[in-house]
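Naming: A, B, ... by sequence-line order, numbering from 1 per chain.
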Protein chains: 2
Amino acid sequence: MLPAARHQAIVDTVQRERVVRVSDLAQQLGVSLMTVRRDIELLEESGKVERIHGGAKLPGGATTHEPGFELKSTQFPAEKRSIAVEAAGMVHEGMAVGLSAGTTTWALAQELVKGPRITVVTNSVRIADLFHQGAAAGAPFGSTVILIGGERTPSDALVGPIATAALKQLHLDLLFLGVHGMDPDAGFTTPNLLEAETDRAFVAASRKLVVLADHTKWGTQGMSTIAALEEADEVISDAGLSADARRILEESVSRLRIAGQP
Amino acid sequence: MLPAARHQAIVDTVQRERVVRVSDLAQQLGVSLMTVRRDIELLEESGKVERIHGGAKLPGGATTHEPGFELKSTQFPAEKRSIAVEAAGMVHEGMAVGLSAGTTTWALAQELVKGPRITVVTNSVRIADLFHQGAAAGAPFGSTVILIGGERTPSDALVGPIATAALKQLHLDLLFLGVHGMDPDAGFTTPNLLEAETDRAFVAASRKLVVLADHTKWGTQGMSTIAALEEADEVISDAGLSADARRILEESVSRLRIAGQP
DNA sequence: CCTGGTGTCGTGCGGCGGGGAGCATTGAAA
DNA sequence: TTTCAATGCTCCCCGCCGCACGACACCAGG
């Protein structure tokens, strides 16, 4: 890996993710932490990126008060990752798989890039980017990615009538839905009304609904309901889920999976 | 292997790979490391490539990650920019404007970010990104961007049935169409069939069609025709356009504008 | 407000791979 | 045959990279 190529990769990643951490870059690029730091130092001098504690972000503020995509994406990396690995195991060659926008589905996408060839339908620009660059860099035959159109929310999801109309044309084998809240009364929820509408269209287009939600989502009610608990065919969560939550979910959902356990 | 052929091969490889290492080139060309270094030294003096430690990269600060795109976007920056400025003058507050994917429309988008509030409809992820970033960094009230969905081409355009179906729902005041070729027989063309289909949907959705094409596009026939010359309401080109081309275009198109002139 | 813990940052050193200067060799043109 | 340009080779230098250690910043808890 040449320095110039590495610098380019870092700039690309920063522009795509808005914020990246040094450790992730080091692992992704296969170099040491020190090298990444030195690269970021150089790139900062030329104004390509801006250095922050633990990583880099794109220059020119305005990302500090973003509705927390980057914060959440590093909040429970271990749990999210184990959930993603568990979910990736459900995907087989040739399937048509839907991925809603969100950090958990984004973690899943990272797993799926390495997996078998499938067709991915998503309304997340971030996830589409992931497959796009994965296909360019990695295997000659990558998965097909269909990006649903629409207007862009702050968290880079595409929503609105264009998105819902596009989803009406499609039929998916499997939908992985990331949610902001999961509650026995409110069901699966999100704080963004437009996103909820798009997610409902996603659910309607799919034969099977799998909800990805780490244990912190339990008891949270977002403003808008996407679906009732009963509508999910499976819920994948992590070991931190309370016994109470497990009992209720096992009653409501066809199957509850705890990531990392049989 | 003649030196000239070797130089050309090196330039080609650099433009294709964006960065290459000396050792790879040496092995690939069957010459020694020293020869490759000397070649690169010569090519650097003529500005064809830029020398870096361990290899060579294409000159100019690389900011995009698409080889073809990168190349084209630096090919005629002055012409493209003047065309973009001319086109931006046609846009007024509140309009619904379509932008097809391409480097010229991308240049236009850079102008429009600074302009009045409008609604932009595009099938280019890159252009959508531009407005998204601009809105986050700049004015509190940015333009609305609607990204048309679909499958992704190598040049980051979204195409396919999803895209065309979405466009059928929309009606645009003005469409700026970037083309790859412009020819009296073939009309406005692009080498990508899927992109041509999406562009045709764009044309159908728009009340007014403005084609952006620098003078190098004249006489080029892409594989697939988007529209006949007569279908364009305006064509904006640059001063390098031949008198012959001007005459034909003025006969076919309602109005021909040469950027930088009244 | 203070305090400990965890993770990140910066510096110095050693290893390694690439770059450069000079010279021998080759092959083609005069 | 002579001459010259181009190529390859070798030795030495230098920049890049990774490891280890000490300093520091963020976070949580009292």
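- Here C:dG18 presents its P atom at 12 Å from CD of B:Q27, a figure rounded to the nearest Å.
- In this model, the phosphate group of C:dT8 is approached by a side-chain N or O of A:R21 to a distance below 4.0 Å at OP1 or OP2.
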Less than 3.5 Å apart, which donor and acceptor atoms pair up between the side chains of residues 218-232 of chain A and the rest of the protein, not counting sequence neighbours?
from	atom 1	to	atom 2	distance (Å)
A:Q221	NE2	A:D183	OD1	3.1
A:T225	OG1	A:A186	O	3.0
A:E231	OE2	A:A228	N	3.0

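- Residue B:I40 is classed as having no contact, given no heavy-atom separation below 4.0 Å to the nucleic acid.
- Taking a cutoff of 4.0 Å between a charged side-chain nitrogen and a carboxylate oxygen, A:R255 and A:D233 do not qualify as a salt bridge.
- Checked for salt-bridge contact, A:K48 and A:D39 miss the test: no charged N lies under 4.0 Å from a carboxylate O.
- Going from atom CZ of A:R37 over to atom P of C:dT11 covers 12 Å, rounded to whole Å.
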Can you name the atoms? Protein N/O to nucleotides 9-17 of chain D N/O, anything below 3.5 Å, with the distance.
from	atom 1	to	atom 2	distance (Å)
D:dC17	OP1	A:R6	NH1	2.7
D:dC17	OP1	A:R6	NH2	2.8
D:dC17	OP2	A:R6	NH2	3.4

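- Per the geometry, CD1 belonging to B:I52 stands 15 Å off C1' belonging to C:dG17, to the nearest Å.
- Salt-bridge annotation for A:D173 and A:K208: absent, with no side-chain N of the basic residue lying under 4.0 Å from a carboxylate O of the acidic one.
- Residues A:D238 and A:K217 are not paired through a salt bridge, judged by the lack of any N-O separation under 4.0 Å between the basic side chain and the carboxylate.
- Between A:E250 and A:R247 there is no salt bridge, since no side-chain N of the basic residue sits under 4.0 Å from a carboxylate O of the acidic one.
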